[in-house]
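Counting starts at 1 for both ligands and their atoms, following the listed order.
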Amino acid sequence: MNNEVLIEEKVSPEEHLKENSNYLRGRIAEGLTDGLTGSLPPDDVKILKFHGSYQQQDRDLEKERKKQKLEPLYQFMIRVRAAGGVVTPSQWLVLDELADKYGNGTLKLTTRQSFQFHGIMKRNLKASIRMINDGLLSTIAACGDVNRNVMCNPNPYQSAVHEEVYNYAVQLSEYFKPRSKAYYEIWLDQKKVDGNEDEEPIYKKRYLPRKFKIGLATPPNNDIDIFASDLGYIVIEENGRLSGFNVCVGGGMGATFGDEATYPRLADVIGFISPEDIVKVSEAVIAIQRDYGNRLNRKNARIKYTIDNRGLDWFIAELNDRLGYVLPKPKPFHFNTNGDSYGWLKGINGRWFYTLFVENGRVKDREKYELKKALRELAHIHNGDFRLTGNQNLIIGNVAEESKETITAVLGKYGLLNDDSNSGLRLSSMACVALSTCGLAFAEAERYLPHLIDKLDEIMQANRLEREEINIRMTGCPNGCARSRLGEIGLIGRTVGKYNLYLGASHNGDRLNTLYKEMLSEAGILEALEPIIRSFSLERKPGEHFGDYVHRKEIV
Ligand code: SRM
Ligand code: SF4
């Protein structure tokens, strides 16, 4: 047996699956037409992710369905790929209609500036993906072992280079899309042209060992949490022009309880590049991860582990080697915050941008709070765009001076204008989807955090901190989809109703939080936080953030 065969055997089953999938086709097309089950075969479920969809089940109904001896209520989540989270009003209307027609009537704005639909039945999956494509959007590679949605700062008000940076995000997103035609054949009925064989010049047949995420951040705003990216670019502006990017590599939030070989890690800033080198550098970084990432153990396969296993110096040397030059040293930069600023702001292009708080990114109609309806009405009259933020919020963007009043009136009519009814804590909160759709959730997040904040607000108010922006993040498991390890207060679900409490991330996203207490119920969380919040209000230094305070006081 030669070496190649030995190496060949040492990969996870997923690697063989990808390799044998005929460039991401699998048997998805056949499975879609099988009316006997609402699910797809397990192998195809894995390949389906590369097409932007996850098979799920409604976990609220799990026990009842089992009791009735019914198969789980299988349904699909679809994620849209929209670089930088920018869509036009007409695209918004397509997505809004899709949520009602095939989904569960809601839109989820994600922590990576994208849209998700939940509750789509298998019989409607193809029509849904088609509808998204007809709206000139896509779902391709929104999930799977490839480069995902590329993030960038959505708020152009502070930087003349914003549009330029957005264009780079689009360029990267396009360049790193899989080249396989499978997506277009399965969902859009394009015919395979004989002799026109698939090829993946960047990814090769096994694609990447694991998901890969790129982001571009424009200081002083770190609202995309650049240090959580596999590959990040920090915009360096000189004399009002884009002079280049600092490159950072190796960020990732996920971990598994009880498995010390897994951990969250912040990206390291390793050098500086000229703007025109961004594709070349990204390709070299992705190729290193493709060639050296762990293909045996998916839990250790992200680039953060590739870097830690071989050393950052090795990584930089390998990158320099592939680039054919030595990366210059990074340039100074400074981030203020990883949160959003709400309300109207005038962009340097003279147009207006309204950042709207969307609690945990869920767009739906509730009694006396018809957010979905309001945004539909806005999309009908708005000529600019909609921009999703990395904090699950929405910017009504590029509003002409003469339209500002009309937009304000619609927001006012539906009670959406920012006012003091939302505390600083709530405006700085973020929670992942978790139950009932996420198959990995141990506990509630999106559906519970608003209630916990009601109670925390009472403590904040009693200490005159109701306007204080303490960034609080909750996830239903340690995968960290709402970047809970970057919360000044972080809560991670252990089991239904119990959370680990983490404290002390920085307010600008450059320091992780630390475990403070484990397995807390709601009463335990309130009891743990009350004295710290009280002492913070009394003993903080002027302008000191909560995350910094708990460090100074050695609470963590
Ligand atoms: Fe995530 C898996 C939702 C951003 C780390 N994530 C999942 C799945 C697909 C569960 C699954 O594998 O079955 C969740 C679907 C839930 C549902 O019902 O919709 C899910 N992740 C989300 C979203 C929707 C959270 C949200 O409420 O906004 C975010 C969608 C982003 C997007 O538009 O692409 C989302 N996920 C993130 C982030 C944040 C980020 O990228 O900045 C992270 C942490 C950063 C990172 O990647 O390390 C993240 N998601 C994970 C992980 C852990 C990965 C790891 O290598 O450690 C998993 C589990 C996995 O991949 O095995 C996961
Ligand atoms: Fe699901 Fe965990 Fe991600 Fe929350 S953090 S969406 S529970 S995988």
Exercise. Please confirm whether Arg494 makes a cation-pi placement over Phe257, using NZ or CZ under 6.0 Å from the six-membered ring centre and within 45° of the ring normal.
Key: yes

Self-check item: Centroid-centroid distance, Phe50 to Tyr207, less than 6.0 Å
Solution: yes

Self-check item: Gln392 neighbourhood, listing ligand 1 atoms whose heavy-atom distance to it stays under 4.0 Å
Solution: 26 (C), 27 (O), 28 (O)

Quiz item: Do Glu19 and Lys205 meet the salt-bridge criterion of a basic N to acidic O distance under 4.0 Å?
Solution: no

Practice problem: Report yes or no: does Arg298 have a heavy atom closer than 4.0 Å to ligand 1? | Solution: no

Exercise. Give the atoms of ligand 1, by number and element, whose distance to some non-hydrogen atom of Lys213 is under 4.0 Å.
Key: 36 (N), 37 (C), 38 (C), 40 (C), 41 (O), 43 (C), 45 (C), 46 (C), 47 (O), 49 (C)

Practice problem: If you have a sec, work out which protein heavy atom is nearest atom 29 (C) of ligand 1 and how many Å separate them, to one decimal? | Solution: Thr111 OG1, 3.5 Å

Quiz prompt | Ile453 side, atom CD1; Met474 side, atom CE - distance, nearest 0.5 Å | solution = 8.0 Å

Exercise. Flag the pair Phe245 / Tyr168 as yes when their ring centroid distance falls below 6.0 Å, and as no otherwise.
Key: yes

Self-check item: Charged N-O contact under 4.0 Å between Lys18 and Asp145
Solution: yes

Practice problem: Specify the protein heavy atom at minimum distance from atom 5 (C) of ligand 1: its residue, its atom name, and the distance to 0.1 Å. | Solution: Asn479 O, 3.4 Å

Quiz item: For ligand 1, which atoms, with element, lie under 4.0 Å from some heavy atom of Gly254?
Solution: 48 (O), 57 (O)

Exercise. Identify the protein heavy atom lying closest to atom 18 (O) of ligand 1, giving its residue, its atom name and the separation to 0.1 Å.
Key: Thr437 OG1, 2.6 Å

Quiz item: Less than 3.5 Å between some nitrogen or oxygen of Arg210 and one of ligand 1, yes or no?
Solution: yes

Self-check item: Element-labelled atoms of ligand 1 that are located less than 4.0 Å from some non-hydrogen atom of Ser114
Solution: 33 (O)

Exercise. Compute both the distance and the angle, then confirm whether Arg179 meets the cation-pi test with Tyr175: under 6.0 Å from the six-membered ring centre, within 45 degrees of the axis.
Key: yes

Exercise. Verify whether the ring centers belonging to Phe442 and Tyr499 lie closer than 6.0 Å.
Key: no

Quiz item: Going by an N to O cut-off under 4.0 Å, is there a salt bridge joining Arg302 and Asp308?
Solution: no

Quiz item: For ligand 1, which atoms sit closer than 4.0 Å to a heavy atom of Lys108?
Solution: 26 (C), 27 (O), 28 (O)

Quiz item: To the nearest 0.1 Å, how far is atom 12 (O) of ligand 1 from its closest protein heavy atom, and which atom is that?
Solution: Tyr54 CE2, 3.3 Å

Quiz item: What about the rings of Phe335 and Phe333, do their centers lie closer together than 6.0 Å?
Solution: yes

Quiz item: Any ion pair linking Lys304 and Asp230 (charged N to carboxylate O, less than 4.0 Å)?
Solution: no

Practice problem: May I ask you to list the atoms of ligand 1 that are less than 4.0 angstrom from any heavy atom of His118? | Solution: 17 (C), 18 (O), 19 (O)

Quiz item: So, is Cys432 placed with an N/O/S atom under 2.8 Å from atom 1 (Fe) of ligand 1, counting both backbone and side chain?
Solution: no

Mind listing the side-chain donor-acceptor pairs of residues 135-142 below 3.5 Å, one per line with the distance, residues two or more places apart or on another chain?
residue, atom, partner, partner atom, Å
Ser138, OG, Ile140, N, 3.0
Thr139, OG1, His51, O, 2.7
Thr139, OG1, Tyr183, OH, 2.8

Exercise. Show which atoms of ligand 1 fall inside a sub-4.0 Å distance from at least one heavy-atom site of Gly252.
Key: 48 (O)

Exercise. Determine the interplanar angle of the His545 and His507 rings, folded into 0 to 90°, and report it as parallel if under 30°, tilted if 30 to 60°, perpendicular if over 60°.
Key: parallel

Quiz item: Would you call the rings of Phe357 and Tyr342 parallel, tilted or perpendicular, where under 30° means parallel and over 60° means perpendicular?
Solution: perpendicular

Quiz item: Among protein heavy atoms, which sits nearest to atom 42 (O) of ligand 1, and what does the distance come to when rounded to 0.1 Å?
Solution: Arg483 NH1, 2.6 Å

Quiz item: Nearest to atom 54 (C) of ligand 1 by heavy atom, Arg302, Lys49, Glu446: which?
Solution: Arg302

Quiz item: When rounded to the nearest 0.5 angstrom, what distance separates CG in Asp225 from CG in Asn391?
Solution: 7.0 Å

Practice problem: Check for a donor-acceptor pair, side chain of Asp268 on one end and backbone N or O of Ile270 on the other, with a separation under 3.5 Å. | Solution: no

Quiz item: What do you reckon, does Met253 have a nitrogen or oxygen under 3.5 Å from a nitrogen or oxygen of ligand 1?
Solution: yes

Exercise. Give a yes/no verdict on whether any heavy atom in Leu440 is under 4.0 Å from an atom of ligand 1.
Key: yes

Quiz item: Out of Gln56, Gln55, Lys211, whose heavy atom is nearest to atom 51 (C) of ligand 1?
Solution: Lys211

Quiz item: Are Lys46 and Asp44 within salt-bridge range, i.e. N to O under 4.0 Å?
Solution: no

Exercise. Sort by chain and number the protein N/O/S atoms that are closer than 2.8 Å to atom 4 (Fe) of ligand 2, and list them.
Key: Cys432 SG

Quiz item: By number and element, which atoms of ligand 1 are closer than 4.0 Å to a non-hydrogen atom of Gln116?
Solution: 17 (C), 19 (O), 24 (C), 30 (C)

Quiz item: Of all the heavy atoms in Gly480, does at least one lie under 4.0 Å from an atom in ligand 1?
Solution: yes

Quiz item: Is Arg148 in contact with ligand 1, taking contact as a heavy-atom separation below 4.0 Å?
Solution: no

Self-check item: Proximal candidate to atom 10 (C) of ligand 1 [heavy atom criterion; set Cys438, Ala255, Cys481]
Solution: Cys438

Quiz item: Any nitrogen or oxygen of Thr110, main chain or side chain, under 3.5 Å from a nitrogen or oxygen of ligand 1?
Solution: yes

Quiz item: Do any N/O atoms on Gln113 end up under 3.5 angstrom from N/O atoms on ligand 1?
Solution: no

Exercise. Scan side-chain atoms only and decide if Asn513 and Arg485 contain a donor-acceptor pair under the 3.5 Å cut-off.
Key: yes

